[in-house]
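See structure below.
Hydrogens, waters and symmetry mates play no part in the numbers below; they use all other heavy atoms, side chains included.
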Amino acid sequence: MASELCHTISVARLERHKNLFLNYRNLNHFPLELLKDEGLQYLERLYMKRNSLTTLPENLAQKLPNLVELYLHSNNIVFVPEAIGSLVKLQSLDLSNNALEILCPEIGSLKSLRHLRLTNNRLKFLPPEIGNLKELQTLDLSTNHLVILPEKLYLCQSLQFLTVDRNLLCSVPRHLCQLASLNELSMAGNQLASLPLDLGRSRELQYVYVDNNVQLKGLPSYLYNKVIGCSGCGTPVPIKESTLLSFTSGQLSIHLPAEVKSIGCAQDSVLPLQELALRSLHAAFCTFLRDLSCLTPISLPKSLLELLQCPLGHCHRCSQSMFTIVYPKLFPLRETLWGLHQGRTSVSFVAYCCSTQCLQTFDLLS
């Protein structure tokens, strides 16, 4: 086996191969032959699936400087060395089905990375540096132990497909609604009780799957004309006590995101002073300065600064920015062509409005 492996690598070196397949070789460590001398600088794609590797060599980027795709699916890799960040030409990295518990911050140095697959590992969090991956288009984080996603993920403005199925997510950062290129979002099999108010506001987002989040009973009305999956949501099972605000209409009670501080009703005549102040401040800076980054934490508390930069949501009737209070209105879940939700869910669409006027005039079906 060793001689065959050496022969395969030698041929690749002599013939300047761009692709090297080392799948199913029962490798316990990275082959030294790959790291000897020169000659593999032409290699662009390395396949090492279904082995028993536990880590990667520190000098991988030095020996394989032109690597574009690296496939390490189904190994026993526990950690990835900091040197991974030196693979500046890498566009596709597959570390699915390993034993990763931590993803090093240097992953954010892979400026050319377009596809990152980390399915079926033991990740509990992601480094904020992942937001540096400006070219990232596909991110698959299914079957890990993630409790939250980093807010900086919204900086991945090329991201088109985000999959976070079968994790432990209890909430979704509202900042993710700013992913302008996102086309498909899948968060099935988590512990979500609410969704960001603006989810679905982007025209690019067409597919949203939140199946089997049993506590989830409300979908933002922006999702009305999208392809959605919500089987197994809103099921009548005992739910642990929640600190989230909830809105009740008839027999249905909808949990709202934690950032919502107050729920308005049709009888309200005046908005709270804090909400009015934030709307005025936001409008003034958007109109005259066009750049909220000019505000520093010195001029405003950090929490208010972040809220101004990323509002709680936008009115589903008039698009007015909202910061502390919302006026919710429930609509029955529309029937789907395939009837996926009949008899399995107790879910409604929720329109989040900015005032009593919008609340009274909004009609999802018109």
### Task
Mind running side chain to side chain contact (heavy atoms under 4.5 Å, CB included) on Leu219 and Val347 for me, showing each step along the way?
CA-CA 7 Å; Leu219 306 177; Val347 182; 3.7 Å; yes
Examine the side chains of [X] and [Y] and answer whether a donor and an acceptor come within less than 3.5 Å of each other.
X      : Y      : value
Glu69  : Tyr71  : yes
Asp198 : His314 : yes
Arg317 : Thr361 : yes
Thr119 : Asp140 : yes
Ser186 : Asp165 : yes
Glu135 : Ser112 : no
Asn98  : Asn121 : no

Are [X] and [Y] linked, directly or through other ILVMFWY residues, by side chains that come within less than 4.5 angstrom of each other?
X      : Y      : value
Leu126 : Tyr154 : no
Val78  : Leu53  : no
Leu169 : Leu159 : yes
Leu64  : Val68  : no
Leu153 : Leu141 : yes

Under 3.5 Å, side chain of [X] to main-chain N/O of [Y], donor-acceptor pair present?
X      : Y      : result
Thr163 : Ser142 : no
Arg13  : Lys36  : yes
Arg174 : Cys310 : yes
Asp211 : Ser231 : yes

Nearest 0.5 angstrom please: [X] [atom1] to [Y] [atom2], how far?
X      : Y      : atom1 : atom2 : result
Leu195 : Leu216 : CG    : CG    : 4.5 Å
Leu312 : Cys354 : CG    : SG    : 12.5 Å
Glu184 : Lys226 : CD    : NZ    : 13.0 Å
Cys233 : Asn213 : SG    : CG    : 5.5 Å
Leu46  : Asn19  : CG    : CG    : 10.0 Å
Leu118 : Leu93  : CG    : CG    : 7.0 Å

Taking the side chain as everything from C-beta on, heavy atoms only, tell me whether [X] gets closer than 4.5 Å to [Y].
X      : Y      : answer
Tyr24  : Asn51  : no
Met322 : Pro311 : no
Leu199 : Val172 : no
Leu110 : Leu87  : yes
Asn183 : Leu205 : no
Thr356 : Tyr327 : yes
Phe30  : Leu56  : yes
His316 : Ser221 : yes

[X] to [Y] - nearest heavy-atom pair and separation:
X      : Y      : answer
Gly264 : Ile325 : N-CG1, 3.7 Å
Val80  : Cys104 : O-SG, 3.6 Å
Leu197 : Pro220 : O-CB, 3.7 Å
Pro150 : Pro127 : CG-O, 4.4 Å
Pro257 : Ser194 : CA-OG, 3.4 Å
Val164 : Asn190 : O-ND2, 3.0 Å

### Message
Can you tell me which residue among Lys49, Met48, Glu4 is in a side chain to side chain contact (heavy atoms under 4.5 Å, CB included) with Arg25?
### Response
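The side chain to side chain contact (heavy atoms under 4.5 Å, CB included) with Arg25 is passed solely by Glu4 among Lys49, Met48, Glu4.
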Does [atom1] in [X] sit with more than 12 non-hydrogen atoms of other residues, nucleotides or ligands closer than 6.0 Å?
X      : atom1 : value
Lys134 : NZ    : yes
Leu330 : CG    : yes
Lys18  : NZ    : no
Lys63  : NZ    : yes

### Query
What about Phe331 and Phe362, are their ring centers closer than 6.0 Å?
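Here the rings of Phe362 and Phe331 have centres that are less than 6.0 Å from each other.
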### Among Gln274, Arg279, Glu275, the one residue meeting side-chain hydrogen bond (donor to acceptor under 3.5 Å, both in side chains) with Thr324
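The single option meeting the side-chain hydrogen bond (donor to acceptor under 3.5 Å, both in side chains) with Thr324 is Glu275.
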#### Entry: Identified side-chain hydrogen bond (donor to acceptor under 3.5 Å, both in side chains) counterpart of Arg166 within the set Asn144, Asn212, Asn120, Thr143
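The residue from Asn144, Asn212, Asn120, Thr143 that satisfies side-chain hydrogen bond (donor to acceptor under 3.5 Å, both in side chains) with Arg166 turns out to be Thr143.
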### Task
Could you go through the side chain to side chain contact (heavy atoms under 4.5 Å, CB included) check for Leu278 and Leu307 one step at a time?
CA-CA 9 Å; Leu278 286 169; Leu307 191 57; 3.9 Å; yes
### Task
Evaluate the side chain to side chain contact (heavy atoms under 4.5 Å, CB included) criterion for residues Arg117 and Thr138: first the C-alpha distance (whole Å), next the side-chain angles of each, then the deciding distance (0.1 Å), finally the verdict.
CA-CA 8 Å; Arg117 293 178 172 85; Thr138 303; 4.1 Å; yes
### Query
Taking it one step at a time, do Asn23 and His73 satisfy side chain to side chain contact (heavy atoms under 4.5 Å, CB included)?
CA-CA 9 Å; Asn23 302 320; His73 187 289; over 6 Å; no
### Task
Quick one: list whatever passes side chain to side chain donor-acceptor pair (under 3.5 Å) with Ser86, sequence neighbours left out.
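None.
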#### Entry: Verdict with reasoning, His282 to Phe323, per ring pair (Phe, Tyr, Trp, His ring centres under 6.0 Å)
CA-CA 10 Å; His282 183 267; Phe323 299 91; 5.4 Å; yes
